[in-house]
Amino acid sequence: MQANIAIGLLETSSIAKGVESLDAMCKAAGIKPETAQPISKGKYIIIISGPVGEVESSMAKGAEIAGDTVVAKNIIRNIHSGVLSALNKKVKAGGRLEAIGMVETKEALPAVFAADAAAKAAFVHVCEVNTGKGTGGKGYFTVMGEVGAVRTAVSAGVKAVGEDAVVSRIVIPNAHEHLAQIIGRQ
């Protein structure tokens, strides 16, 4: 299901410029910061949410302030609600554990694009979308559901960002029950 809101993603090569950009972004429009944190290699990532127009205005101001420190900037319109809920946290899922899928990306922000495409492609539960915290700057997302749906979701996620952006992808059918604790289930 789509959340009918947009998210903006801004990555800078400077932590200080990232913080300054976030301040300007918050002042420029009615957005909500979802994530703002330094990641490896001295980079800073910002993910904001809100109505499309507000996110666009805020992103324009953030990129202006960040100047030549901008590494990447993108907007995802109508982000899947499951992706937004799982952004940098684990979301518990009930029911029987049938299959787990994961896509690991070379950089932090492509994981968000991949997770959004995966969630829109198949009926899966998005367990987590990690944007570089504790990963050395890599990103990843984890989904679970029926085996066929998980395979479809993982393929769609990889296709959305391209093979060159992906470190690894896995689909584990009939996953062991101990994995439930690792991926965030009870």
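Listed for the H125 side chain is a donor-acceptor partner under 3.5 Å among the backbone atoms of V91. Remark: side-chain polar atoms of S58 are not paired, donor with acceptor, to backbone N or O of A29 under 3.5 angstrom.
Rounded to the nearest 0.5 angstrom, I65 CD1 and D23 CG are separated by 9.0 Å. Interatomic distance, NZ of K138 versus NZ of K106, reported as 10.0 Å (0.5 Å rounding). F113 contributes atom CZ, which lies 7.0 Å from atom CD1 of I7 (distance to the nearest 0.5 angstrom).
The only option from I100, T142, V150 that meets the side chain to side chain contact (heavy atoms under 4.5 Å, CB included) definition with V124 turns out to be V150.
Listed by first and then second residue, the salt bridge (charged side-chain N to carboxylate O under 4.0 Å, His left out) pairs that reach into residues 50-72 are E56-R77, K61-E64, sequence neighbours excluded. Residue pairs that meet the salt bridge (charged side-chain N to carboxylate O under 4.0 Å, His left out) test with at least one member in residues 6-19, sequence neighbours left out, are E11-K43, K17-E20. Screening residues 148-160 for salt bridge (charged side-chain N to carboxylate O under 4.0 Å, His left out) gives no qualifying pairs among residues at least two apart or on separate chains.
Cluster membership for M144 and I172, using ILVMFWY side-chain heavy atoms within less than 4.5 angstrom, is shared. Taken together through direct or relayed side-chain contacts under 4.5 Å among Ile, Leu, Val, Met, Phe, Trp and Tyr, V158 and V126 form part of one hydrophobic cluster.
When all heavy atoms of G82 and H80 are compared, the pair lying nearest together is N-ND1, 2.9 Å. Scanning all heavy atoms of the two residues, the minimum distance from V167 to T105 falls at CG2-C, 3.9 Å. Closest of all the heavy-atom pairs between F123 and A149 is O-CB, 3.6 Å. Heavy-atom minimum distance, Y140 versus M102: CD1-CE, 3.9 Å. Scanning all heavy atoms of the two residues, the minimum distance from I39 to T131 falls at CG2-O, 3.8 Å. Contact detail for C26 and P33: the closest heavy-atom pair is SG-CG, 3.7 Å.
The environment of NZ in K32 is sparse: at most 12 heavy-atom neighbours from other residues, nucleotides or ligands sit within 6.0 Å.
You'll find the side chain of N74 stays beyond 4.5 Å of the side chain of L109, heavy atoms only.
Not a single side-chain contact (heavy atoms from CB on, under 4.5 Å) links S40 to another residue, sequence neighbours left out. Partners of E128 according to the salt bridge (charged side-chain N to carboxylate O under 4.0 Å, His left out) rule, which considers only residues two or more places apart in sequence or in another chain, do not exist here.
L10 belongs to a hydrophobic cluster with I15, V19, L22, M25, I31, Y44, I46, I48, V55, M59, V70, I75, counting contacts under 4.5 Å between side-chain heavy atoms of Ile, Leu, Val, Met, Phe, Trp and Tyr, direct or through other members.
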